[in-house]
Amino acid sequence: MADLRTRVGALELRSPLLLASGIWGESGVSLRRAYDAGAGAVVSKSIGSEPRDGYPNPTIEEYGSWGLLNAMGLPNPGMVAYRGELAAARQGGAVVIGSIFGHDASEFRTLALAMAETGVAALELNLSCPHAEGLGSEIGGDPTLVTEITRAVKEAVPLPVWAKITPNAADPAALAVAAVAGGADAITAINTVRAMAIDVDLQRPVLTHGLGGLSGPAVKPIGLAVVWQIYERVQIPIVGVGGISTVDDALQYLLAGASAVQIGTAITHGGAGLFSTLNAGISHRLDELKIPSVTALIGAAHRGTQSV
Amino acid sequence: MADLRTRVGALELRSPLLLASGIWGESGVSLRRAYDAGAGAVVSKSIGSEPRDGYPNPTIEEYGSWGLLNAMGLPNPGMVAYRGELAAARQGGAVVIGSIFGHDASEFRTLALAMAETGVAALELNLSCPHAEGLGSEIGGDPTLVTEITRAVKEAVPLPVWAKITPNAADPAALAVAAVAGGADAITAINTVRAMAIDVDLQRPVLTHGLGGLSGPAVKPIGLAVVWQIYERVQIPIVGVGGISTVDDALQYLLAGASAVQIGTAITHGGAGLFSTLNAGISHRLDELKIPSVTALIGAAHRGTQSV
Amino acid sequence: MRRIRTVTSRVQETPSTVTLRFFDDLPAAPGQFVMLWVPGDDELPMSLSFCEGERGVTVKSMGATSAHITRLQEGDKIGVRGPYGNQFDVAPRHILLVGGGSGTAVLAPAAEALVRGGGELTVALGATTGPELLFAERLRPLADAVHLATDDGSEGYHGFVTDVVTRLITMQSFDAVWTCGPEVMMSKVEAAASRVGVPVWCSVERHMKCAVGICDACALGPFHVCQDGPVFPGATLRRLEEFAHSHRDPSGRKLPFGSPPPTTLPPSS
Amino acid sequence: MRRIRTVTSRVQETPSTVTLRFFDDLPAAPGQFVMLWVPGDDELPMSLSFCEGERGVTVKSMGATSAHITRLQEGDKIGVRGPYGNQFDVAPRHILLVGGGSGTAVLAPAAEALVRGGGELTVALGATTGPELLFAERLRPLADAVHLATDDGSEGYHGFVTDVVTRLITMQSFDAVWTCGPEVMMSKVEAAASRVGVPVWCSVERHMKCAVGICDACALGPFHVCQDGPVFPGATLRRLEEFAHSHRDPSGRKLPFGSPPPTTLPPSS
Ligand SMILES: Cc1cc2nc3c(=O)[nH]c(=O)nc-3n(C[C@H](O)[C@H](O)[C@H](O)COP(=O)(O)OP(=O)(O)OC[C@H]3O[C@@H](n4cnc5c(N)ncnc54)[C@H](O)[C@@H]3O)c2cc1C
Ligand SMILES: Cc1cc2nc3c(=O)[nH]c(=O)nc-3n(C[C@H](O)[C@H](O)[C@H](O)COP(=O)(O)OP(=O)(O)OC[C@H]3O[C@@H](n4cnc5c(N)ncnc54)[C@H](O)[C@@H]3O)c2cc1C
Ligand SMILES: Cc1cc2nc3c(=O)[nH]c(=O)nc-3n(C[C@H](O)[C@H](O)[C@H](O)COP(=O)(O)O)c2cc1C
Ligand SMILES: Cc1cc2nc3c(=O)[nH]c(=O)nc-3n(C[C@H](O)[C@H](O)[C@H](O)COP(=O)(O)O)c2cc1C
Ligand code: FES
Ligand code: FES
């Protein structure tokens, strides 16, 4: 039986499959359900300073089996109310990564301090939501701000800090480099890809916000390229995310250079059971390939290939 | 019967559906086949100064019905040899847009002069191929170079110039603005989205070049967002491209702000017949919606919506 | 898959409640809901009150959007996605149907399927006032009895429908109870039925955004109402501290039922 | 869809030609080809020489990649996508099969399907020298006669197989001819057959990249060999100026058959 354990820096994980931020993240019980089903860790909803309703519906457009478009608008109950959810999530020992978003370094720092108090195992900085004015990729697209925010958080809290970067950049790896400069412990990539749906009958955009972010199988080839490019540029671990729904999807991200991966949209079809199914599937697939452990795959596709 | 005619600047087109660059573009007879099937115009393969073989196979990865990954590497016979193909394409009156790529403004200018001599109706500048070193999006991602190259070409030839921009940018609309500054007559968007395929059995990238570009239905929501954003920023016409395979896909691009659209990957499944099928389908759909003409749809989804 | 449909008919069911019908061809079962989009306004979950032929939703005017829906006319365009969620088990048995307010909307097509399949039906409906009793005439030909209750006593029993149910359930024997309405009502129905050992199925409402089990807006204990529900066994709900006590607002904050919504920052500030 | 397969067996068919078998379960028909990837090397179009059960390709060592393929061993991994392209019509008739060199690879499974369906087969094979005659033994039990021709006269007729065909086609009556081999050979076969009014089907080769009809690398007149072919009626080919005269190199330049490849810039300069 192949060894499923991996680590992201100092953080040891029983499985390389994590729950992505924004998925099942409003309720602590939901996070715990994912952990109990076999996730290596669960990432919280991205939490801000104040409660936010997010955008009015429609916030979602479905593209059959290959994609999902969303502009939720970062709904979240705010840091204060969210403490209770995190406590519920951590009951029974779930490993929780706390995701936060803010407008500037000082807001990130304040949120990081509050999040750190809840006992999360690491912080993930949402520098990449593609559809929130003055937040997410609007600041996360600027390398200087990425460095500044990461540094502010690192200086404030003793936790591992993962910087989640956007694919909506000419050179996403440069943003990863900027996060490293700020002291990031890991890079999470990718967030959703800026996209849009328009209805012909109504002659109008479908999402209330107009622009949204694409996720699901369609973005897997895009996420793999970003992770590949980051791996060639930074030494810190990468957490891969984007379109993973099968065993091979997850292994492809590991081969591209990810130390662990996150699953988001696939939960729509797979439910919590997806974690146990994929854990078993990875184990079986590694045995078949005669590879002893998940860690043996990390970045392995770079070997023998010239830099591309 | 709805009026299918549209115009891109001064160029009048009998149908808003054009053949995208790189599809059926090696042979003049193929280009003409697309035109004879009902395309409003056909865009040539991107042509450079010298013959190029492109990358060795594998150059393609298929994703079922929703996507195609390619890293052809801009194979083309070179400007000199391509004249004969263009002559063959233009026999019988096909409206041909000549696509060119180069390393810098002076190479673009030389190619533009040569291309203009062949009698093409307009030039398309490939500033956006995502997988060719020192070419395509590597230069097309820099607004200063976009302006410079566009201006050099505009000063050299009396033809309409379309700048084809990349979606692999933090703000693709800024590249369109840069092209306008250089005197572009239209913007074509999008080229393929940077992406990659990795094989688990072999633990290696699939494409010989490693990185490639994603096209097909998966990129339609991405292309729509880019066209939408460009329409909010520039006054010149936009030619939309990316993932169009149905009547509604095409109309969505028009609603987002495109004056015409190009079809690429869908030709794989539809063949040349796709042009006549879609022309008939658009006509029927417009009648159903009681919209008299294709031009009535251009940018219509922006009306009544706040800027998003 | 979202599709745009045209309203083919509009029926004023009660002073506050309207049924809109529209053509659709995706299979739908009693208990399921659609996400109904009023272009330019919001998108809301709405149970299908008609699941065959021309589909229908029956909407009570509550807030701005539901009021907007009740004002839509034949020929107006709506967006529909779904149907989503699970269904009532309509295997032939003797069912007590307990509907409160617009909750009867989702129960009516289940009742029709039950009786068509050879089941037996008893109905208890509650409303604030007589004219607001929903689908009493639609259900009457299907049921051995239709018991009515109104808060103001203008029709039927003067008081809560739960009182009627508490009495019925000890006097008659039912194989199961189906209920939809205010959660406190359903909770009382569940308590009464479980006392006599009759299983209850409740159709539950929570704030919904994605409807595809991903955003967590509709979290209820370990469940997502949009995918694991909306129909839950009463015995399952009884064990959840939130049932009949709290729900979540659009930001995800827990609110006790009946409390005024807290103020929240606008989305893009 | 690309899949990675393991070579399950390797048979040396002639001194320069090897058959590799591998498991696959996508339906395939005689005439179709796959894109065969040698990881770390190139990917080439290869006809299926076995279309049922364990699939097979039969590859002649020509340049670096095909030579590499012929050196692969049982247990080696290959990438496969497809099958692509059209097929031979194997309805029962009397077929004259004309194979030149490795061209016989694609004809053999078609011959088997023909005879199994009750058709009649006559075979004419050509090669440079006797040991290079491909699949003569595989075809012998299926055919009423197997005619051989070698350039060096080491086996069968001393000369081109086209001479044999020109003679056969006037002496015997065939319903159709199937041919695959060098284009000049096929063109002569076509000319001979059309003179006596017998339709010819030629399997044609062009440089291929995408194999899905989009890149235009395989353009032949108004056709894409990968999608509209590789099997074309001779009458169609005859009207194309390129047939037996020119093909395109990887850059898309037209080259006369037999000319040395022109120099071309490396891809990333
Ligand atoms: C599965 C399900 C089926 C439903 N079926 C019906 C039905 O058949 N007929 C009917 O009249 N109503 C039905 N509802 C309720 C309906 O969705 C609305 O909650 C109700 O119409 C009030 O909406 P409003 O925006 O007008 O009210 P508002 O005054 O804006 O808000 C009042 C309350 O409505 C609720 N609400 C607002 N938006 C949503 C949302 N996206 N999801 C859920 N609740 C929301 C909130 O709890 C809010 O506090 C159903 C709800 C669910 C979850
Ligand atoms: C539909 C089809 C079916 C084929 N079936 C068989 C078969 O069953 N058995 C067999 O031995 N060969 C077959 N071939 C030919 C085969 O694909 C190769 O062309 C041949 O093996 C030489 O390849 P090479 O790279 O070793 O030669 P090189 O020395 O590298 O090149 C020699 C010639 O091979 C051709 N070639 C190289 N790459 C390609 C390519 N991607 N596509 C097409 N031709 C290419 C070029 O014309 C080149 O001039 C088939 C070709 C096609 C198009
Ligand atoms: C409904 C939804 C909500 C999301 N919310 C967040 C969020 O709050 N914070 C964040 O960093 N990413 C968020 N994401 C992005 C995901 O975490 C993930 O990066 C992205 O969806 C790609 O992965 P996937 O294809 O597996 O879904 C959200 C995605 C979806 C679909
Ligand atoms: C095989 C292939 C080759 C392409 N070659 C070129 C090219 O030479 N020049 C160019 O500007 N775009 C090229 N493109 C990009 C297309 O023109 C188009 O922008 C892109 O594929 C998105 O449209 P689609 O989804 O309809 O294919 C190519 C695309 C494909 C799939
Ligand atoms: S509405 Fe999103 S999880 Fe149920
Ligand atoms: S190989 Fe690309 S079109 Fe045939």
Side-chain angles (χ1 to χ4, degrees), chain A residues 22-33 36 45 48-64 68 70-78 81-82 84-85 103 131-135 197 199-202 204 206 208-209 215 264-272, chain C residues 1-6 35-45 64-65 76-82 84 206-224 226-228 240-242 246 248-255 261-269:
Chain A
I23 283 77
W24 288 14
E26 298 288 356
S27 133
V29 177
S30 296
L31 290 176
R32 205 180 139 186
R33 183 174 166 201
D36 289 347
K45 178 72 197 168
S49 313
E50 301 291 335
R52 261 173 80 102
D53 282 352
Y55 301 121
N57 283 345
T59 45
I60 288 272
E61 179 79 345
E62 297 171 67
Y63 297 104
L68 186 75
N70 91 82
M72 309 308 297
L74 291 171
N76 78 96
Y82 202 63
E85 305 295 344
H103 296 78
H131 48 69
E133 279 79 21
L135 296 166
D199 186 82
V200 173
D201 287 282
L202 305 172
R204 60 179 298 136
V206 173
T208 302
H209 182 60
S215 61
T265 303
I267 298 290
T268 294
H269 302 111
Chain C
M1 273 283 286
R2 192 184 308 275
R3 48 228 183 255
I4 304 303
R5 298 296 186 206
T6 304
M35 291 300 284
L36 189 85
W37 179 30
V38 189
D41 195 335
D42 210 332
E43 181 197 50
L44 288 175
T65 310
D76 282 347
K77 293 204 155 123
I78 53 174
V80 176
R81 58 189 181 99
Y84 299 109
R206 280 298 178 275
H207 197 90
M208 287 187 182
K209 295 186 174 185
C210 72
V212 294
I214 194 173
C215 75
D216 220 27
C218 69
L220 171 63
F223 304 111
H224 293 112
C226 67
Q227 269 198 338
D228 303 315
L240 304 178
E241 53 171 77
E242 294 124 298
S246 68
R248 285 169 195 273
D249 77 356
S251 80
R253 268 177 300 182
K254 278 195 192 174
L255 299 178
T263 45
T264 292
L265 286 192
S268 53
S269 71

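Model, not experiment: these values are computed from the prediction. Numbered from 1 within each chain, the chains take letters A, B, ... in sequence-line order.
- Side-chain atoms of A:Ser30 and C:His224, non-hydrogen and from C-beta on, do get closer than 4.5 Å to each other.
- With salt bridges taken as basic N to acidic carboxylate O contacts below 4.0 Å, none links C:Asp249 and A:Arg52.
- Heavy atoms closer than 4.5 Å to chain C are found in the side chain of A:Leu202, but not in its backbone.
- Going from atom NZ of A:Lys45 over to atom OG of C:Ser251 covers 11.0 Å, rounded to the nearest 0.5 Å.
- With a threshold of 4.5 angstrom between heavy atoms, A:Leu68 approaches chain C through side-chain atoms but not through N, CA, C or O.
- With sequence neighbours excluded, the residues forming a side-chain hydrogen bond (donor to acceptor under 3.5 Å, both in side chains) with A:Asn57 are A:Thr59, listed by chain and number.
- Of the atoms belonging to A:Glu61, heavy atoms from both backbone and side chain fall under 4.5 Å from chain C.
- The CD1 atom of C:Ile214 sits 7.5 Å away from atom CD1 of A:Ile267, with the distance rounded to the nearest 0.5 Å.
- Heavy-atom pairs under 4.5 Å with chain C peak, among A:Val29, A:Leu74, A:Asn70, at A:Val29.
- For the pair A:Trp24 (side chain) and C:Gly213 (backbone), a donor-acceptor distance under 3.5 Å is present.
- In this structure the side chain of A:Ser27 reaches within 4.5 angstrom of the side chain of C:Arg248, judged on heavy atoms.
- A:Tyr82 is linked by a ring-ring contact (aromatic ring centres under 6.0 Å, His included) to nothing, counting only residues two or more places apart in sequence or in another chain.
- Within the 4.5 Å cutoff, no side-chain heavy atoms of A:Pro77 are placed close to those of C:Lys254.
- For the side-chain contact (heavy atoms from CB on, under 4.5 Å) with A:Ile60, the qualifying choice from C:Arg81, C:Glu43, C:Lys209, C:Met35 is C:Arg81, the only one to do so.
- In this structure, chain A has a heavy atom under 4.5 Å from the side chain of C:Asp228, while its backbone stays farther away.
- Ranked by heavy-atom pairs under 4.5 Å with chain C, the list A:Pro58, A:Gly48, A:Gly84, A:Gly78 is led by A:Pro58.
- Contact annotation for A:Val200: neither backbone nor side-chain heavy atoms come within less than 4.5 Å of a heavy atom of chain C.
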Give the intermediate values and the outcome of side chain to side chain contact (heavy atoms under 4.5 Å, CB included) for residues C:Trp37 and A:Thr208. CA-CA 11 Å; C:Trp37 179 30; A:Thr208 302; 5.5 Å; no

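- The heavy-atom pair separating A:Glu26 from C:Ala217 by the smallest distance is CG-N, 4.4 Å.
- Inter-residue side-chain proximity for C:Arg253 and A:Pro51 is flagged as met; some heavy-atom pair is nearer than 4.5 Å.
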